[in-house]
Amino acid sequence: MESVDDAVRQLAADLLETMYAAKGVGLAATQVDVHRRVIVLDVSEERNQPMVFINPELLKAEGRGPGEEGCLSVPDVFEKVQRATHIRVRALGRDGEPFEMDADGLLAVCIQHEMDHLEGKLFVDYLSELKRQLIRRRLEKERKQRSTGRDTHASARSTATSGAATPGNSRPAL
Ligand code: NI
């Protein structure tokens, strides 16, 4: 079990800052290469309801339904993924106190997506092999274009795209 010390609190603050800067809806420590069990989320329209889950555990996962997901670690890819629609999660908060929470809708999707990151799993891992190959090829091509400088607008475009991926539309970047 993670203990909540100053380092974990600082990590959570850094993750939130990074998530908001990237206009993402959620972020896991794994995504910034820190291997501690911390995830952050904000699914509010106003972007003013930060949530921190330290050492999250799923207590219940019920129902199954598709939702469109994107990921800050897989830029500009949005695909439908089947996940539990109702979950109950237990975690420690920033204050170190354990809490439990029921979630459905976008929040349930985000929590499951971010918890997968802690296991090294990406949402594209749920897709068919063919789809994963297409995505890999596209990302590879974009990387090459960026490294040769031929597509100088690539980063601006990806910022604009993830900017559109806030909860207001149905394409959350997590
Ligand atoms: Ni993600």
Side-chain angles (χ1 to χ4, degrees), residues 2 8 11-45 47 49-58 61 64-87 89-92 94 101 103-129 131-143 146 154-155 157-174:
E2 282 273 6
V8 171
L11 171 60
D14 291 346
L15 287 173
L16 283 168
E17 194 183 321
T18 304
M19 177 192 80
Y20 285 124
K23 298 191 163 59
V25 177
L27 193 67
T30 331
Q31 290 177 275
V32 295
D33 216 23
V34 174
H35 297 280
R36 302 196 69 165
R37 301 186 62 80
V38 181
I39 66 175
V40 300
L41 297 166
D42 187 342
V43 297
S44 70
E45 296 279 351
R47 315 288 290 146
Q49 288 169 43
M51 301 171 88
V52 174
F53 298 79
I54 297 159
N55 204 41
E57 293 169 80
L58 275 190
R64 200 143 186 87
E68 193 165 49
E69 297 179 29
C71 180
L72 295 171
S73 299
V74 191
D76 300 336
V77 174
F78 294 91
E79 294 287 345
K80 280 211 161 62
V81 173
Q82 295 276 341
R83 292 196 191 268
T85 49
H86 303 281
I87 64 168
V89 64
R90 176 167 58 202
L92 299 177
R94 266 181 287 198
M101 178 190 276
D104 51 22
L106 178 61
L107 181 57
V109 168
C110 292
I111 291 171
Q112 292 172 84
H113 178 117
E114 299 311 333
M115 285 183 68
D116 275 354
H117 274 301
L118 299 180
E119 311 303 329
K121 187 164 188 174
L122 296 174
F123 80 108
V124 289
D125 294 333
Y126 291 101
L127 306 176
S128 69
E129 180 54 31
K131 245 182 186 158
R132 288 205 304 273
Q133 275 177 19
L134 290 171
I135 290 167
R136 265 198 298 273
R137 253 179 252 148
R138 207 178 90 202
L139 292 175
E140 191 55 38
K141 196 174 143 200
E142 283 171 7
R143 250 195 304 276
R146 267 198 298 276
S155 65
R157 197 170 53 229
S158 91
T159 306
T161 309
S162 63
T166 42
N169 81 36
S170 59
R171 310 184 97 194
L174 308 159

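Remember, it's 1-based here, ligands and their atoms both numbered in the order they're listed.
Q112 meets the side-chain hydrogen bond (donor to acceptor under 3.5 Å, both in side chains) test with no other residue; sequence neighbours excluded.
You'll find the side chain of V8 reaches within 4.5 Å of the side chain of R36, heavy atoms only.
In terms of heavy-atom proximity, P56 sits nearest to V89 at CB-CG2, 4.2 Å. Here the closest non-hydrogen pair linking M115 and I39 is CG-CD1, 4.1 Å.
Counting only distances under 2.8 Å, and ignoring water, the protein N, O or S atoms around the Ni ion (ligand 1) are C71 SG, H113 NE2, H117 NE2, L174 O.
F123 pairs in a side chain to side chain contact (heavy atoms under 4.5 Å, CB included) with only one of the listed residues (L174, D116, V109, V77), which is V77.
Relative to the six-membered ring of Y126, K131 misses at least one condition, a distance below 6.0 Å or an angle of at most 45° to the axis.
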